[in-house]
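Okay, so here's the structure we're looking at.
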There are 2 protein chains.
Amino acid sequence: MRNTRATLEERGIRLTKQRKILLEIIDQSGAHLDAEKLYQLAKERDPKLNRVTVYRTLKLLKESGLVDELDLMHFAGDQHYYETRMKQEHAHVICLQCGRVEEYFGEPLRALRQQIQESLGFEIVAARTEVGGYCPHCQAMRSEGLVAAVGVETMAIPAVPHAD
Amino acid sequence: MRNTRATLEERGIRLTKQRKILLEIIDQSGAHLDAEKLYQLAKERDPKLNRVTVYRTLKLLKESGLVDELDLMHFAGDQHYYETRMKQEHAHVICLQCGRVEEYFGEPLRALRQQIQESLGFEIVAARTEVGGYCPHCQAMRSEGLVAAVGVETMAIPAVPHAD
DNA sequence: CTGATTGCAAAGAATTTGCACTGCT
DNA sequence: AGCAGTGCAAATTCTTTGCAATCAG
């Protein structure tokens with residue numbers, strides 16, 4: 001957040017009340033927010049704040065490289081999710097049953113990036129790895145036959161993930 | 001394609017004229033098609049074929065695990081791209097300048113998948129790695145100052161990639 | 001035959017744009 | 001003050017749905 005302000009300033013981007021609110025929400029929220037959820041949260045702080053401003057701000061932050069845009073394997077639809085660009089690269093691993101999203105940090109990610117860079121000669125700017133599968137908890141449920149076997153993309157929007 | 005028919009048959013899915021056309025186009029096209037491009041190509045073969053059928057068929061193929069859905073870092077917008085599920089896992093590496101898409105196959109991808117599986121205990125069903133950066137050709141252009149430096153996501157829809 | 005599949009038109013979801021007003025810097 | 005930024009309404013883009021007609025198995 002500290003560096004965020006600096007980056008924005010460099011770009012001559014004004015720090016309005018609305019942007020402050022949105023930045024804080026994105027920063028503080030551990031979860032991966034989509035535009036609508038971000039809008040709902042922002043409205044609590046400033047009921048006048050418009051959905052359009054959310055979209056415009058997200059676009060801005062994306063372009064400035066301050067947030068990353070994910071789609072979590074389109075698990076719950078086609079909306080996009082946003083998170084502040086983290087110091088460390090990570091993969092998102094989503095449970096196709098319960099919707100839980102885990103983050104994976106680890107050496108193999110660096111190795112992969114490194115290798116792609118070398119073998120293709122690309123100068124990599126951004127990388128995204130998303131993985132869909134079944135978390136340990138849901139694997140158990142499935143093998144107990146408690147859950148109907150369905151096509152991977154077939155299930156409806158998930159209920160809230162089970163507790164831990 | 002041979003196995004495609006089998007898979008569809010198992011599911012009791014009828015092989016209509018329209019579906020045959022769409023399957024062939026997806027199969028034969030080396031490129032990554034979005035729904036609209038697929039529709040355009042299909043219309044050449046059957047002008048009556050409707051856009052809706054394209055969407056329905058893509059959904060079906062996705063659910064049957066016969067095609068993968070990509071978004072190529074949203075480089076050219078929010079549409080999705082489709083490709084037949086390949087035998088081998090691969091990453092998509094897209095040049096943010098010219099739009100060229102390279103595919104990377106390589107051991108590190110397997111290692112990553114393996115590691116995620118082990119450390120998170122997930123049973124992985126599908127994985128997707130997308131990388132944005134600058135291809136060797138565009139790196140050269142950029143360093144020659146032939147191209148204005150722009151924010152990563154700022155550029156317009158790309159022209160056709162330069163020839164190899 | 002008969003239920004799955006299509007086409008058409010219309011609805012929906014997510015996101016963007018035009019424009020007059022407002023408020024950072 | 002002056003222009004970037006906002007809100008509102010309307011437009012766009014991408015995708016899905018309802019329903020009667022059609023066709024594969």
Side-chain angles (χ1 to χ4, degrees), chain A residues 4-23 32-40 42-43 45-64 67 69-72 74-82 151 153-154 156-157, chain B residues 4-23 32-40 42-43 45-64 67 69-72 74-82 151 153-154 156-157:
Chain A
T4 301
R5 292 179 108 96
T7 307
L8 293 178
E9 205 165 307
E10 281 169 32
R11 296 196 139 219
I13 289 167
R14 292 186 185 165
L15 211 30
T16 62
K17 179 177 49 138
Q18 292 90 331
R19 287 185 183 156
K20 279 181 201 156
I21 292 175
L22 293 171
L23 280 171
H32 303 100
L33 301 168
D34 60 12
E36 182 62 22
K37 220 166 310 172
L38 177 54
Y39 169 57
Q40 295 302 338
K43 239 185 2 181
R45 293 234 235 144
D46 175 0
K48 309 279 303 185
L49 194 152
N50 195 279
R51 194 182 263 102
V52 176
T53 300
V54 174
Y55 282 110
R56 285 196 275 234
T57 301
L58 284 173
K59 192 175 184 189
L60 194 80
L61 295 174
K62 233 184 349 179
E63 288 171 1
S64 303
V67 302
E69 189 181 43
L70 318 170
D71 26 58
L72 302 179
H74 302 123
F75 175 61
D78 289 343
Q79 66 281 60
H80 299 148
Y81 301 87
Y82 301 88
E153 314 275 353
T154 311
I157 294 185
Chain B
T4 300
R5 292 180 110 94
T7 308
L8 293 179
E9 207 164 304
E10 282 170 29
R11 296 195 139 219
I13 289 167
R14 292 186 184 167
L15 212 28
T16 62
K17 178 175 50 130
Q18 294 89 330
R19 286 183 182 158
K20 279 182 201 156
I21 292 175
L22 293 171
L23 280 172
H32 302 100
L33 301 168
D34 59 14
E36 182 62 23
K37 219 166 309 171
L38 177 54
Y39 170 57
Q40 295 303 336
K43 239 184 2 183
R45 293 234 234 144
D46 175 0
K48 311 277 305 182
L49 194 151
N50 195 280
R51 192 182 263 101
V52 176
T53 300
V54 173
Y55 281 110
R56 284 197 276 232
T57 302
L58 284 174
K59 191 175 183 190
L60 195 79
L61 295 174
K62 229 181 355 174
E63 288 172 1
S64 301
V67 301
E69 190 182 41
L70 318 171
D71 26 59
L72 301 180
H74 301 122
F75 176 59
D78 289 343
Q79 64 283 61
H80 299 149
Y81 301 88
Y82 301 87
E153 314 273 354
T154 312
I157 295 184

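Just so it is clear: chains get the letters A, B, ... in the order the sequence lines come, proteins before strands, and each one is counted from 1.
At whole-Å resolution of the value, NZ in Lys37(A) and P in dA13(C) are 16 Å apart. Rounded to a whole Å, the CG atom of Leu22(A) is 9 Å from the P atom of dT6(D). In this structure, Lys62(B) places its NZ atom 12 Å from C1' of dC14(D), rounding to the nearest Å. The interatomic distance linking Arg51(B) (CZ) with dT16(D) (P) rounds to 13 Å, in whole Å. The distance from atom CD of Glu9(B) to atom P of dA4(C) is 16 Å, rounded to the nearest whole Å. Between the P atom of dT22(C) and the CG atom of Asp46(A) lies a distance of 15 Å, rounded to the nearest Å. We find that CG of Leu58(B) is positioned 12 Å from C1' of dC14(D), with the value rounded to whole Å. Per the geometry, CG belonging to Asp34(A) stands 8 Å off P belonging to dA14(C), to the nearest Å.
Take the nearest nucleotide of DNA chain D for Asp78(A) and for Leu60(A): the residue whose nucleotide is more 5' is Leu60(A). Taking the nucleotide of DNA chain D with the nearest heavy atom to each of Ala35(B) and Lys17(B), the more 5' of the two is matched to Ala35(B).
Within 4.0 Å of Lys48(B), counting heavy atoms only, lie sugar-phosphate atoms of the nucleic acid but no base atom. If you check every strand for non-hydrogen atoms under 4.0 Å, Glu36(B) touches nothing.
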Do Tyr82(A) and Leu58(A) pass the side-chain contact (heavy atoms from CB on, under 4.5 Å) test, and can you show the C-alpha distance, the side-chain angles, and the key distance before you say yes or no?
CA-CA 8 Å; Tyr82(A) 301 88; Leu58(A) 284 173; 3.5 Å; yes

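Inter-residue side-chain proximity for Leu15(B) and Leu23(B) is flagged as met; some heavy-atom pair is nearer than 4.5 Å. Inter-residue side-chain proximity for His74(B) and Lys62(A) is flagged as unmet; no heavy-atom pair is nearer than 4.5 Å. Two residues are said to be in side-chain contact when any heavy atoms from C-beta on lie closer than 4.5 Å; Arg19(B) and Leu22(B) fail this criterion. Between His32(A) and Leu70(A) the shortest side-chain heavy-atom distance falls below 4.5 Å.
Look at Gln79(B) and you won't find any side-chain N or O under 4.0 angstrom from OP1 or OP2 of dT15(D). Side-chain nitrogen and oxygen atoms of Asn50(A) include at least one within less than 4.0 Å of the OP1 or OP2 phosphate oxygen of dC8(D). A close approach under 4.0 Å does occur between a side-chain nitrogen or oxygen of Thr16(B) and OP1 or OP2 of dT6(C). Applying the 4.0 Å criterion to OP1 and OP2 of dA4(D), one finds that Arg11(A) has every side-chain N and O outside that range. Regarding contacts with the backbone of dG23(C), every side-chain N or O of Gln18(A) stays at 4.0 angstrom or more from both OP1 and OP2. Distances shown here put every side-chain N or O of Tyr55(B) at or beyond 4.0 Å from the OP1 or OP2 atom of dT16(D). Considering only side-chain N and O atoms, Thr53(A) lies under 4.0 angstrom from the phosphate OP1 or OP2 of dG7(D).
Judged by distance alone with a 3.5 Å cut-off, a donor-acceptor contact links the side chain of Arg14(A) to the base of dC3(D). One N or O donor and one acceptor, one from the side chain of Arg56(A) and one from the base of dG7(D), sit under 3.5 Å apart.
Open room surrounds CD on Glu9(B); 12 or fewer heavy atoms of other groups in view lie less than 6.0 Å from it.
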